[in-house]
Amino acid sequence: MASQVRGRVGWIVELSGIDWPGNLTFMLFLAGCNFRCPYCQNGGIIPLDSGYEVTVGDVMMEVERSLKLIDALGVSGGEPTLQPRFVESLFEAAKKYGLQTFMNTNGSNPELLDHLFERELLDYVALDVKAPLRSDLYGKVIGEAIPGSVAVENLKRSMDVCRGYGRRFEARTTIVPGLTDNPEYVEMIAYVLKNYDCVYVLQQFSPYGDILDSRYRLLEPTPEDILRGLAEVASNTGLREVCIRYRGGMVRVT
Ligand code: SF4
C-alpha cells in the first residue's frame with residue numbers, strides 16, 4: 001500500500017514560503033546525499049541512515065493538518081532522488097489532495113525526473129548547478145564524492161529532461177567565497193543555462209547550520225554586493241531572469 005511506503009527524513013518544515021517562491025509549501029528534507037559539498041549546511045543528514053523513518057501515511061496526516069494553509073508539498077535534502085519510491089508515493093498522495101509538487105535536487109537522477117514528469121506527479125524543479133559543467137571543477141565542488149564527469153552528465157540530462165517536457169525550472173548556484181565566487185565560473189554557467197527555459201538564482205553562502213567541512217564555518221556570508229555583481233555577469237550573457245537569494249529574501253536582479 002502506497003501509504004505504508006517508508007522513507008528517512010531529516011526534518012519537516014510545515015509551512016515554507018522560501019523553498020518554492022510564490023508558494024506556501026509543506027517541505028520534507030530527506031536524509032542521505034551522494035555529494036559531499038564542503039559548504040553543505042545540512043551535514044547532519046548526509047548519511048543515508050541519518051534522520052528518522054516515517055511512512056507516507058504518517059506524513060500525510062501532518063499534511064492534512066496544514067491543508068488550509070499550504071498549496072504545495074516539496075522535497076529537498078539531502079538528495080531526495082535517493083529515495084525514489086518514497087518521493088513518488090508522497091507526490092501521488094499530494095496530488096490526491098490537489099496539492100502542487102516541488103523538488104530541489106542536485107540533478108543526479110534524470111530518470112526519476114523523467115518518470116515523475118511523465119506521470120504528471122511533479123510540477124516544479126529547482127536544480128543545483130553547483131559549478132561550471134566541467135568535470136574537474138564540478139568534482140571539486142561536490143567534494144569528489146562521485147566523479148565530476150558523472151555529476152555533469154547527469155545534471156545535463158536532468159536539464160534536458162525538463163526541456164523535453166517543456167518545463168521551466170530554477171537553476172541554483174550557491175556562491176561560496178573562494179570556491180564558486182569566480183565571475184568566470186558564473187559566466188560559464190550562464191552560457192549553458194541560456195539553452196534552457198529557467199530562472200537563474202545565485203544563493204548566498206552563510207556559515208551557519210551543520211556545515212560539512214568545519215573550515216567553511218570560518219568564512220563570512222557572501223556579501224550582497226558580490227552576489228549582485230555576479231548576477232550582472234550572468235545577465236550580461238543575455239540570460240533573461242537572474243535573481244539573488246540572501247538573508248533578505250529573493251530579489252530579481254534582471
Ligand atoms: S549541498 Fe551538496 S552535500 Fe549538501 S545536500 Fe546539497 S548536494 Fe548534498
Side-chain angles (χ1 to χ4, degrees), residues 7-13 16 18-20 25 27-52 74-84 86-87 102-113 124-159 169-181 185-186 189 200-217 219 221-222 227 245-247:
R8 292 199 78 85
V9 172
W11 60 83
I12 288 173
V13 176
S16 166
I18 56 172
D19 287 279
W20 183 7
T25 307
M27 285 296 303
L28 294 99
F29 292 80
L30 304 193
C33 189
N34 52 344
F35 288 3
R36 293 292 181 274
C37 315
Y39 57 87
C40 176
Q41 289 182 297
N42 297 341
I45 60 167
I46 298 307
L48 278 165
D49 59 356
S50 61
Y52 59 96
V75 291
S76 182
E79 172 50 30
T81 65
L82 295 183
Q83 301 188 56
F86 183 56
V87 169
F102 164 76
M103 179 191 287
N104 177 202
T105 168
N106 64 23
S108 56
N109 193 338
E111 291 79 14
L112 181 64
L113 285 186
Y124 194 64
V125 178
L127 277 171
D128 298 342
V129 181
K130 295 176 177 292
L133 278 71
R134 235 178 61 186
S135 307
D136 54 339
L137 299 175
Y138 221 91
K140 184 178 172 202
V141 171
I142 64 170
E144 311 289 353
I146 62 172
S149 57
V150 174
V152 166
E153 183 57 30
N154 285 334
L155 175 59
K156 278 187 195 158
R157 286 175 52 217
S158 293
M159 293 194 291
F169 63 92
E170 178 180 318
R172 298 179 170 177
T173 303
T174 301
I175 302 300
V176 186
L179 186 68
T180 56
D181 60 348
Y185 290 1
V186 170
I189 294 170
Y200 185 32
V201 180
L202 302 168
Q203 303 193 131
Q204 181 180 44
F205 164 79
S206 57
Y208 313 119
D210 205 350
I211 304 277
L212 200 56
D213 182 333
S214 58
R215 288 169 295 184
Y216 284 76
R217 290 181 201 144
L219 297 178
T222 318
L227 290 174
R245 183 180 282 126
Y246 67 118
R247 236 181 291 170

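For ligands, and for the atoms within them, numbers begin at 1 and follow the listed sequence. For reference, positions follow the sequence shown, starting with 1.
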N/O/S of Cys33 less than 2.8 Å from atom 2 (Fe) of ligand 1?
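Of the N, O and S atoms in Cys33, none lies under 2.8 Å from atom 2 (Fe) of ligand 1, which means no.
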To the closest 0.5 Å, what do you measure between [atom1] ([X]) and [atom2] ([Y])?
X	Y	atom1	atom2	value
Phe169	Met103	CZ	CE	14.5 Å
Trp20	Thr25	CH2	OG1	6.5 Å
Leu30	Thr105	CG	OG1	10.5 Å

Say whether Asn106 and ligand 1 are in contact under the criterion: heavy-atom distance to a ligand atom below 4.0 Å.
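Contact check Asn106 vs ligand 1: positive.
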Can you name the atoms of ligand 1, numbered from 1 with element, that are less than 4.0 Å from a heavy atom of Cys40?
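In order of numbering, the contacting atoms are 1 (S), 3 (S), 4 (Fe), 5 (S).
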Go through ligand 1 atom by atom and flag the ones less than 4.0 Å from a non-hydrogen atom of Gly78.
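Contacts of ligand 1 toward Gly78, numbered from 1: 5 (S).
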Could you tell me the residue and atom name of the protein heavy atom closest to atom 6 (Fe) of ligand 1, and the distance to it rounded to 0.1 Å?
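Protein heavy atom with the smallest distance to atom 6 (Fe) of ligand 1: Lys130 NZ, 3.9 Å.
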Contact check: Cys37 to atom 4 (Fe) of ligand 1, N/O/S below 2.8 Å:
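For Cys37, the answer is no, given that no N, O or S atom comes within less than 2.8 Å of atom 4 (Fe) of ligand 1.
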Would you kindly specify which portion of Gln41 sits under 4.0 Å from ligand 1, judged on non-hydrogen atoms: side chain, backbone, both or neither?
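Near ligand 1, Gln41 shows nothing, with every heavy atom at 4.0 Å or more.
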Any donor-acceptor N/O pair, Glu170 side chain to Asn104 backbone, under 3.5 Å:
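Not at all, since once roles are kept as given, no pair shorter than 3.5 Å links the two residues.
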Would a distance-only check, ignoring hydrogens and angles, find a side-chain to backbone donor-acceptor pair under 3.5 Å from Ser206 to Pro221?
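Answer holds: no.
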Hey, which of Leu179, Thr180, Leu219, Ile175 is the one that makes side chain to side chain contact (heavy atoms under 4.5 Å, CB included) with Phe205?
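Testing each of Leu179, Thr180, Leu219, Ile175 against Phe205, the sole residue satisfying side chain to side chain contact (heavy atoms under 4.5 Å, CB included) is Leu219.
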